[in-house]
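What follows is one structure encoded as structure tokens, with my remarks underneath.
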There are 2 protein chains.
Amino acid sequence: MTEAMISESVEDYLEAIFQINQQQQVSRPKDICKMLNVTAPSVTKALKLLAQLGFVNYAPFGMVTLTPAGEKAAKDVVHRHEGLSSFLVNVLGVDEKRASETACKMEHIIAPDIIERFISYSKFVQNSDLCGPEFFKKFLKFASRKNASTKSTKSKSSKSSRKEQ
Amino acid sequence: MTEAMISESVEDYLEAIFQINQQQQVSRPKDICKMLNVTAPSVTKALKLLAQLGFVNYAPFGMVTLTPAGEKAAKDVVHRHEGLSSFLVNVLGVDEKRASETACKMEHIIAPDIIERFISYSKFVQNSDLCGPEFFKKFLKFASRKNASTKSTKSKSSKSSRKEQ
DNA sequence: ACATAATATTAGCCAAGGCTAAATTTATTC
DNA sequence: GAATAAATTTAGCCTTGGCTAATATTATGT
């Protein structure tokens, strides 16, 4: 009923600020620009919105920190991001960089309980000895075989299955 | 280099038109409205764009059909949709309806080669006897255990994808 | 065939979230 | 402590893709 709905963009900013603050206590707009690949005016505008939503402490020309609510929301996004990213890496064998990029998009659009399923699955497969450690290797072989016979992507190089661009 | 980039919205319209045409040869704007939960003017506007992109045959007050290019693009979207949907149902145990809703969002944002991974995985797990038929059941149990201890979703169901303002 | 209902279209608005250019503020350097 | 550089903000534009209200067209029922 309350809760105001958080847009994808807002989630991205929260996540970015959280990450930056991990390393330097506070965020400056410039850092956020770099992290999200947007221009400075976009960041200013976003910060005003975040402040208005009660997620950040912000005053013009000042440093940016997360409020408790912002911290909570950010941690939630990060949880989803990391869970999905793990899934992509550990279950599907996607390389780290692309897994993170992909998680970054998935995290906003998939319902939380389904995201938890992804996370559970990832954990399950890793713990489970129902299928040996063979399992993952076999899948990678299976997937690359499929890949070979598929028009799907233009996939530039694709010379060695993993890490294609 | 060419290829013009297809937006999410365009993909949704293509998919909808394709599905409708499966059952009734041609689509009328009204059907598209219903399928996508948008208003008639939105459909008109979209159809003009689709026609301009060369994906549909459309004249005001006329029926809508897909051009060969539109057909190709639509089939591609449908392939991704069904593959992802299968994955969600068969690997993660999500129910059909929500799987379809979720696939509908995932299909636009995940790179094609990664979508193929999802699809491969789904097939692999189903064929593979590396892990018995126990595997899926055990996972469901595992997941519901996890689930119990999670606040996760209010899930409000949002009956049909778009438009929750 | 004509009145009414159903469909489509046009016109124009709105919000989100980018962007550039210009102005302002803060930092740095001699 | 000026002068310049760097960072930030303001102002205003643009595109996408919805929407409503009003208009126009097509279909239907008697």
Side-chain angles (χ1 to χ4, degrees), chain A residues 3-17 20-21 24-53 55-65 73 77 101 104-105 107-109, chain B residues 3-17 20-21 24-53 55-65 73 77 101 104-105 107-109 158-165:
Chain A
E3 288 295 293
M5 192 186 72
I6 304 182
S7 72
E8 296 191 15
S9 159
V10 163
E11 287 191 339
D12 282 338
Y13 280 100
L14 285 173
E15 193 175 11
I17 292 166
I20 293 165
N21 288 7
Q24 5 179 309
Q25 318 302 340
V26 297
S27 301
R28 287 171 315 162
K30 194 202 167 186
D31 303 317
I32 302 171
C33 290
K34 243 182 291 177
M35 176 104 14
L36 293 179
N37 257 292
V38 294
T39 59
S42 301
V43 171
T44 300
K45 197 189 272 190
L47 287 174
K48 283 179 180 169
L49 175 59
L50 290 182
Q52 194 184 306
L53 294 173
F55 290 141
V56 301
N57 303 116
Y58 165 72
F61 300 97
M63 305 275 99
V64 179
T65 57
V77 179
E101 289 167 9
C104 204
K105 295 183 252 163
E107 73 200 20
H108 305 301
I109 59 163
Chain B
E3 288 295 294
M5 192 187 75
I6 303 181
S7 73
E8 295 191 17
S9 159
V10 164
E11 287 191 340
D12 282 338
Y13 281 100
L14 285 173
E15 193 174 11
I17 292 165
I20 294 164
N21 287 9
Q24 5 179 309
Q25 318 302 339
V26 296
S27 301
R28 286 170 316 161
K30 194 202 166 187
D31 303 318
I32 301 171
C33 289
K34 243 183 291 175
M35 175 105 13
L36 293 180
N37 258 289
V38 294
T39 58
S42 300
V43 172
T44 301
K45 196 189 273 190
L47 287 175
K48 284 179 180 170
L49 174 60
L50 291 182
Q52 193 184 306
L53 293 174
F55 290 142
V56 301
N57 303 116
Y58 164 72
F61 300 98
M63 306 276 100
V64 179
T65 56
V77 180
E101 289 167 8
C104 204
K105 297 183 251 164
E107 72 200 17
H108 306 302
I109 60 163
S158 83
K159 35 181 51 191
S160 64
S161 56
R162 237 167 233 250
K163 132 66 128 359
E164 58 262 348
Q165 130 80 214

How many Å lie between CG on A:Leu49 and C1' on C:dA15, as a whole number? 12 Å

In whole angstroms, the gap separating P of D:dT16 from CD of A:Glu8 amounts to 18 Å

State which residues pass side-chain hydrogen bond (donor to acceptor under 3.5 Å, both in side chains) with A:Thr39; sequence neighbours excluded, sorted by chain then number. A:Ser42

Separation of D:dG17 C1' from B:Leu14 CG (nearest whole Å): 15 Å

Start with the C-alpha distance between A:Met35 and A:Ser27, add both sets of side-chain angles, then the distance that settles side-chain contact (heavy atoms from CB on, under 4.5 Å), and finish with yes or no. CA-CA 11 Å; A:Met35 176 104 14; A:Ser27 301; over 6 Å; no

Write down the distance between CG (B:Asn37) and C1' (D:dG17), rounded to a whole number of angstrom. 15 Å

Presence of A:Ser42 side-chain N/O under 4.0 Å of C:dG17 phosphate oxygens OP1/OP2: no

Does A:Ser9 have a side-chain nitrogen or oxygen under 4.0 Å from the phosphate oxygens OP1 or OP2 of C:dA16? no

Could you tell me which residues satisfy side-chain hydrogen bond (donor to acceptor under 3.5 Å, both in side chains) with B:Thr65, sequence neighbours excluded, listed by chain and number? B:Asn57

Can you check whether B:Thr39 has a side-chain N or O nearer than 4.0 Å to OP1 or OP2 of D:dC19? yes

What is the separation between atom CD on B:Gln52 and atom C1' on D:dG17, rounded to the nearest whole Å? 15 Å

Which parts of nucleotides 5-11 of chain C does protein reach within less than 4.0 Å, heavy atoms only, written one letter per nucleotide 5' to 3' as B for base, S for sugar-phosphate only and - for none? --SSBBB

Could you tell me which residues satisfy salt bridge (charged side-chain N to carboxylate O under 4.0 Å, His left out) with B:Asp31, sequence neighbours excluded, listed by chain and number? B:Arg28

Using atom types as modelled, flag every donor-acceptor pair under 3.5 Å from a side chain in residues 43-53 of chain B to any protein atom, sequence neighbours excluded.
from: B:Thr44; atom 1: OG1; to: B:Ala40; atom 2: O; distance (Å): 3.3

A:Gln25 side, atom CD; A:Met63 side, atom CE - distance, nearest 0.5 Å: 12.5 Å

